[in-house]
Amino acid sequence: MPMPAMINRYITDLPVEAYARQAARQPGQPNWLLTNPALAQALGVPTTTLEGKTNAEQWAQGRLPVETQPVALAYAGHQFGMPVPQLGDGRALILGQLAHDDGDWRDLQLKGSGPTVFSRRGDGLAALGPVLREYLVSEAMHALGIPTTRALAALGTGESIAREFGPEPGAILVRVARSHLRFGSFEYFAHRGDQQGLKTLADVAIHWHFPALQNRPAPQRYRELLIALVDQTAALISEWMRVGFIHGVLNTDNMSIAGETLDFGPCALMDVFRSDQVYSAVDRAGRYAYDQQPAIGHWNLTRLAECFLPLLDDDPTQAIDAAEAIVDDYPNRFRQHYEWALLRKFGLYTNDANHRQIGMEIAEHWLSLLQKQQCDFTNSFRLLGAQSPGEPAQAEQLLQWFNQDPALSDWLETYTQALNAAAITEPQRQAQMIAANPIYIPRNHQVELAIDAARQGDLGPAKQLNRVLTHPYTAQEGVDHLAQPPNPQQIVTTTFCGT
Ligand code: AMP
Ligand code: MG
């Protein structure tokens, strides 16, 4: 089976200012670390091209069996609240798009492929640790049912690269995404005062990601695009909250127009529940803490809406009114998505808004108990789902788990009453909970252990973790350790971008 032809729709659809054509560098001795045959198959990439030394050399350089036209994208962004007029792909190249068997296109991107015109002071390279973290966590997020960019392969470059804490093995991630358009792509054209560019970009975003809006007249279609982006962002962040995911660097240049989790840098999933948990070494003020993510989504959408102003109305005052009305709806949208995400974790989701309101109070109370007793976020929900509420055995087990906190008994009573009041049966509760509460998440210490082993040349732990995380809701034989929280010596307190 030959590899299907690729297109590059950044070149065909976007103004030339939006990208720079660029070839990948030739790395030292590329070798395969991890490959994703299932994703390859969905993209029509023959799995035989993801093996062997010669193929590794070709992929690492973006020389695929088919013709490619690699580009580095230009974008801007707000980094930790500060506007940066020009960022861009400083260490990544988009090779083009392949058709996915779901009918949509996917970008193929090399991350760590060498310097570009956007590299600023960076070396254009990526280290093994961050590449494997992105591979493992993005694939885990996908299996958890959360929109995300994906990983087709991770390659070692056979070279050593300079990093903050010393030399690191170099690596390249072959990333797959619905697109790499970001909030920051709009900011780039807005900074340049290029209204025609903004309009083209908005139409491209519609064409690629919201085709149902294509035939609407302007400016209505741009308003609807912004509405769709508000909703999509609220939905995505709600899903992150469901599994305890902390992105870590929610700058506007890391916010996808395609609604995918993008750029995994110092990301982490929580073990013990702490609402203001931060892992990223660079997030000293906790701007991107777990519980700040919903509000940051709102803030980032406001920056995006500012770029949209010239598209929304010819009259600047009307444009501001329109933008405000759309962005002001974010808290409502978030609430709706978050109710769906959080209440299913308790089996408490119903169509009745009053019952949902009560459910949310119960849910928030539970979270405060988790925090007080320093309970593991993921495993607490599995325990809650394991037995019927009201059963003495369940109460006993949970009490023990919550360090005999008497508040837990009261909580259980309220929980049981709420289930009864909403007429949610035990099978219904179970069905919701099983689908919303994973058994396996990419726990930070396991990711670190897998990376450490890979540094020593052993990819076994990374492969096992990846395999188990492909079915995060299904109990699997012989891998109990992957469902366990870290022991005290294994706790990861800080994560690094490694850039
Ligand atoms: P990130 O934190 O990965 O989202 O990257 C933020 C910006 O820094 C983007 O413009 C990246 O392309 C750029 N960047 C990150 N690491 C490097 C590197 N090693 N070399 C060049 N540019 C980089
Ligand atoms: Mg980024």
Side-chain angles (χ1 to χ4, degrees), residues 10 18-20 22-25 27 60 70-94 107 109-135 137-138 148-149 151 154 157 159-173 175 177-188 191 236 246-258 260-268 278-284 287-288 296 300 303-304 495-499:
Y10 293 92
Y19 57 85
Q22 181 102 43
R25 71 191 264 279
V71 295
L73 293 189
Y75 49 85
H78 275 78
Q79 299 196 305
F80 290 91
M82 306 300 286
V84 186
Q86 175 142 350
L87 290 162
D89 289 329
R91 52 163 172 170
L93 290 176
I94 294 170
D107 284 4
Q109 192 208 52
L110 296 184
K111 188 171 176 178
S113 49
T116 73
V117 294
F118 305 113
S119 293
R120 296 175 292 163
R121 286 181 303 278
D123 59 7
L125 305 177
L128 177 82
V131 163
L132 286 183
R133 173 178 285 115
E134 173 153 355
Y135 191 112
V137 182
S138 67
T148 176
T149 65
T157 61
E159 296 163 335
S160 169
I161 66 175
R163 283 298 179 262
E164 194 183 346
F165 303 109
E168 289 282 332
I172 295 173
L173 182 73
R175 179 156 88 177
R178 286 181 183 274
S179 86
H180 285 83
L181 298 180
R182 305 144 189 269
F183 287 17
S185 312
F186 284 86
E187 291 177 270
Y188 173 76
H191 274 295
L236 180 64
I246 303 162
H247 182 288
V249 202
L250 274 183
N251 295 334
T252 52
D253 50 300
N254 292 336
M255 300 285 292
S256 159
I257 295 293
E260 295 181 323
T261 312
L262 174 64
D263 273 7
F264 286 78
C267 70
V278 175
Y279 288 100
S280 167
V282 292
D283 189 9
R284 291 191 194 88
R287 178 182 172 87
Y288 300 138
I296 284 293
N300 287 345
R303 302 289 83 75
L304 178 67
T495 54
F496 303 89
C497 335
T499 50

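Remember, it's 1-based here, ligands and their atoms both numbered in the order they're listed.
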Report the part of [X] in contact with ligand 1, treating N, CA, C, O as backbone and CB onward as side chain, heavy atoms under 4.0 Å; options are side chain, backbone, both, neither.
| X | value |
| --- | --- |
| Y75 | side chain |
| N251 | neither |
| R163 | side chain |

List every atom of ligand 1 that sits less than 4.0 Å from any heavy atom of [X], numbering the atoms from 1 in the order shown and giving each element.
| X | answer |
| --- | --- |
| N254 | 4 (O) |
| R120 | 7 (C), 8 (O), 10 (O), 13 (C) |
| G122 | 20 (N), 21 (C) |
| L125 | 19 (N) |

Heteroatom proximity flag, [X] to ligand 1, N/O under 3.5 Å:
| X | value |
| --- | --- |
| G90 | yes |
| G88 | yes |
| T499 | no |
| F118 | no |
| D89 | no |
| K111 | no |

Indicate yes or no for a side-chain donor-acceptor contact from [X] to the backbone of [Y] under 3.5 Å, with no hydrogens or angles considered.
| X | Y | value |
| --- | --- | --- |
| E260 | R178 | yes |
| D123 | L125 | yes |
| N300 | L250 | yes |
| T149 | L262 | no |
| R163 | G498 | yes |

Does a donor on one side chain and an acceptor on the other come within less than 3.5 Å for D89 and Y19?
no
Any non-hydrogen side-chain atom of [X] less than 4.5 Å from a side-chain atom of [Y]?
| X | Y | result |
| --- | --- | --- |
| L87 | Q79 | yes |
| C267 | R133 | yes |
| P266 | V249 | yes |

Counting backbone and side chain alike, does N251 bring an N/O/S atom below 2.8 Å of the Mg ion (ligand 2)?
no
Does D263 bring an N, O or S atom to within less than 2.8 Å of the Mg ion (ligand 2)?
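True for D263.
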D263 pairs by side chain to side chain donor-acceptor pair (under 3.5 Å) with which of H247, H180, R175?
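When side chain to side chain donor-acceptor pair (under 3.5 Å) is applied between D263 and each of H247, H180, R175, only R175 qualifies.
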Any idea how Y288 and F80 line up, ring-wise: parallel (<30°), tilted (30 to 60°), or perpendicular (>60°)?
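Rings of Y288 and F80: tilted, as their planes differ by 30° to 60°.
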Counting heavy atoms only, name the option from Q86, R91, E134 that's nearest to atom 15 (C) of ligand 1.
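Minimum heavy-atom distance to atom 15 (C) of ligand 1 goes to R91.
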Nearest protein heavy-atom contact for [atom]: which residue, which atom, what distance?
| atom | answer |
| --- | --- |
| atom 1 (P) of ligand 1 | D263 OD2, 4.2 Å |
| atom 19 (N) of ligand 1 | D123 OD1, 3.0 Å |
| atom 6 (C) of ligand 1 | Q79 NE2, 3.9 Å |
| atom 20 (N) of ligand 1 | G124 N, 2.8 Å |

Can the ring centroids of Y135 and F264 be said to lie less than 6.0 angstrom from one another?
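No, the ring centres sit 6.0 Å or more apart.
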Any protein heavy atom lying closer than 4.0 Å to atom 10 (O) of ligand 1?
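Yes, there is one.
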For the residue pair A20 and V117, what are the closest heavy atoms and their distance?
CB-CG2, 3.6 Å
Report yes or no: does a heavy atom of G265 sit under 4.0 Å from some atom of ligand 1?
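For ligand 1, residue contact (heavy atoms, under 4.0 Å) with G265 is absent.
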